[in-house]
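This report concerns only the one structure given below.
Every chain is numbered from 1, with letters handed out A, B, ... down the list of sequences.
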2 protein chains.
Amino acid sequence: MDLSDLRMFRTIVEEGSVTRAAERLHTVQSNVTTRLRLLEEDLGTALFDRINRRLVITPAGNLLAGYAERLLSLADEARDAVRRADLPEGLLRLGSMETTAAARLPGVIAAFRRAHPRVELRLQTAPTASLVQDVLAHQLDAALVSGPVIHPELESRPVVVEEVVLISAADWAPIESAADLAQRGPVELFTFREGCSYRQRIFDWLRRDGVPIARSSEFGTFEAILGCVAAGMGISLVPRSVIGAHLDDDPSRATLRVHPVPPDLAFSTTVMIWHRARSHQPARQAFADCLAERLGPLQAEITR
Amino acid sequence: MDLSDLRMFRTIVEEGSVTRAAERLHTVQSNVTTRLRLLEEDLGTALFDRINRRLVITPAGNLLAGYAERLLSLADEARDAVRRADLPEGLLRLGSMETTAAARLPGVIAAFRRAHPRVELRLQTAPTASLVQDVLAHQLDAALVSGPVIHPELESRPVVVEEVVLISAADWAPIESAADLAQRGPVELFTFREGCSYRQRIFDWLRRDGVPIARSSEFGTFEAILGCVAAGMGISLVPRSVIGAHLDDDPSRATLRVHPVPPDLAFSTTVMIWHRARSHQPARQAFADCLAERLGPLQAEITR
DNA sequence: CCATGGTCATCTCTTTTTGAGATTGAAACC
DNA sequence: GGTTTCAATCTCAAAAAGAGATGACCATGG
């Protein structure tokens with residue numbers, strides 16, 4: 001006796017006929033007859049009397065019909081409950097590096113809110129180290145940080161590989177090395193707000209290779225940085241993904257020039273991290289899926 | 001999702017392992033793995049996390065486990081209820097002809113009481129016509145009467161074919177016809193109590209063929225009748241089945257002699273009848289089964 | 001560091017179950 | 001009295017479930 005038997009039995013009871021039940025079940029009369037017989041044999045009880053080739057339900061059949069109703073509706077309830085169990089809803093506390101928040105998240109967040117209106121998304125930006133601490137302390141449900149992150153209590157999943165490039169105004173000479181840069185005298189840097197890991201990265205590089213820094217300014221948007229750099233005021237280190245609009249197809253019209261950076265600094269993997277102990281967060285999973293969906297295609301483009 | 005899936009799922013949850021669950025389910029690990037995967041696909045939800053090749057139940061899995069418990073116990077309850085529904089119990093009001101009650105029922109009733117102690121069997125003897133009326137009026141649940149009975153409101157089932165024979169003392173001359181009997185002068189008849197259909201039968205026969213009746217005595221047991229006949233006091237018409245003990249293997253020691261009766265009177269079918277509207281009486285069905293079981297073998301012997 | 005044992009996933013092949021279609025038989029209905 | 005309706009049964013095809021072997025992965029303990 002399983003639920004499909006009960007479904008069939010219930011249909012026969014409702015229709016009062018094997019033939020009509022077969023139609024409703026999108027099957028063939030012979031199968032319904034056979035399965036009814038098997039069910040009766042299984043239960044050791046006649047569920048219907050065959051009186052002149054018609055079916056008349058027996059008391060035992062009536063009893064079973066009641067149970068069938070209860071069982072089937074309970075089974076439906078179980079299905080629904082399980083489905084709802086990982087339907088994303090509630091609060092999702094997300095942390096992100098500034099750069100990622102500015103360069104990648106706007107589109108993703110819009111899509112996510114559209115797909116999952118029942119999730120309240122709270123976004124907070126901070127440096128990677130701080131975000132990691134917050135996730136460990138369960139202050140955040142997940143964070144997008146500069147990877148890799150290896151920690152026994154954390155799980156992570158790569159989101160996107162950013163190629164960081166050095167940019168200058170389009171009319172600057174090519175900069176192949178730190179030495180080329182040093183020739184120009186002390187450089188003026190334009191970076192994202194404090195805590196940005198790219199800011200750290202360029203500082204480390206220039207210090208390592210002895211390039212003097214004249215000044216460093218921080219901004220809250222890439223547009224501002226790119227604007228200053230395009231105006232020839234200085235250089236910056238940014239993800240290649242954010243400068244598409246400033247690199248015209250026609251090189252003569254480009255406002256920016258891209259310069260290589262040392263390979264050990266050129267690539268930065270952004271990963272999503274979360275606490276191992278909270279592996280079940282439908283909202284977090286859904287957000288990760290959104291990220292993969294919207295950034296996955298880019299991935300191919302970048303790593304090409 | 002059917003009950004067997006839930007049974008399997010419950011076992012996995014209880015054992016915390018696919019391998020051990022497979023053992024308990026007397027199957028193979030690969031099948032449990034596969035069916036678990038199918039169940040998860042069906043529900044569109046992960047029920048377990050695979051963490052280092054171990055299973056850790058998810059919130060959705062926990063939810064389902066609760067439902068599985070409820071569903072499976074409800075299903076068991078349904079099985080039991082349906083089984084009990086046609087477990088014979090309560091009162092069974094049975095009617096019977098005197099002859100059948102005396103010749104056939106004692107052994108059957110004993111077996112029935114042993115097999116179904118929860119049924120209170122109430123037996124009442126009466127002539128066929130009266131029993132039929134009582135069954136029609138729902139005063140009786142079933143009756144053993146002389147068949148056939150054709151009535152739109154009644155169902156019937158043959159129980160036994162009785163061959164009725166004429167008996168006399170062993171030293172009487174053979175009686176081939178009513179004429180042989182008439183030669184002996186007025187006969188003395190020994191019959192069962194009033195209402196016995198065999199009594200009617202022999203009266204009809206003797207009157208029809210002009211055999212004078214000297215006297216007729218009625219008794220309550222076959223033993224008394226057979227005793228009187230064996231003593232040469234007269235004749236009787238009885239089922240052949242009751243005289244076995246009086247017909248010794250050695251003809252010289254037999255106390256009774258059996259004579260043929262006209263074929264139209266020789267066979268009497270005893271049938272069980274019940275009201276069509278009360279087709280579901282587990283106790284009645286069980287009694288009929290007892291009858292068939294204990295009298296069925298005799299049937300072959302008699303009709304041989 | 002490697003071997004080992006335990007675990008789940010996956011593949012293939014066999015067995016069992018279920019389904020489709022055609023036919024039969026019995027009653028009910030014009 | 002033919003026609004229709006309905007359930008039972010049979011056969012063959014399709015699908016599902018099971019068995020067994022293998023692989024991958026990790027933990028654990030020399």
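- Rounded to an integer number of Å, the gap from R7(B) CZ to dA17(D) P is 14 Å.
- If you take CZ on R104(A) and CD1 on I109(A), they are separated by 14.0 Å, rounding to the nearest 0.5 Å.
- F48(B) has its CZ atom 14 Å from the C1' atom of dT7(C), to the nearest Å.
- Counting heavy atoms from C-beta on, the side chains of R7(B) and L25(B) never come closer than 4.5 Å.
- Note: CG (L39(A)) to P (dT17(C)) measures 15 Å, nearest angstrom.
- Straight-line distance from the CG atom of D49(A) to the P atom of dC6(D): 19 Å, rounded to whole Å.
- Judged by distance alone, with hydrogens and angles left aside, the side-chain atoms of T58(B) form a donor-acceptor pair with the main-chain N or O of A46(B) at under 3.5 Å.
- With rounding to whole Å, D2(B) atom CG is found 11 Å from dA17(D) atom C1'.
- I51(B) places its CD1 atom 14 Å from the P atom of dC8(C), with the value rounded to the nearest Å.
- Listed by residue number, T19(B), R20(B), Q29(B), S30(B) are the residues of residues 19-32 of chain B with a heavy-atom contact under 4.0 Å to DNA chain C.
- Distance from the side chain of R35(B) is smallest to dG18(D) among dG18(D), dA8(D), dA17(D).
- Ring to ring, F9(B) and F48(B) are close: their centroids are under 6.0 angstrom apart.
- Remark: C1' of dC6(D) and CG of L36(A) are 14 Å apart, rounded to the nearest angstrom.
- Salt bridge status for D42(B) with R79(A): present, with a side-chain N to carboxylate O gap under 4.0 Å.
- Look at CE on M8(B): it is 10 Å from P on dA17(D), rounded to the nearest Å.
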Applying salt bridge (charged side-chain N to carboxylate O under 4.0 Å, His left out), run through E14(B) and R20(B) and close with a yes or a no.
CA-CA 10 Å; E14(B) 286 169 3; R20(B) 282 196 297 280; over 6 Å; no
Report the C-alpha separation of S73(B) and E69(B) in whole Å, then their side-chain angles, then the decisive distance to 0.1 Å, and conclude whether the side chain to side chain donor-acceptor pair (under 3.5 Å) test is met.
CA-CA 6 Å; S73(B) 70; E69(B) 209 56 62; over 6 Å; no
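- Taking side-chain N and O atoms only, N52(A) has no distance below 4.0 Å to OP1 or OP2 of dC6(D).
- In the set dA7(D), dT7(C), dT9(D), the nucleotide with an atom closest to the side chain of R53(B) is dT7(C).
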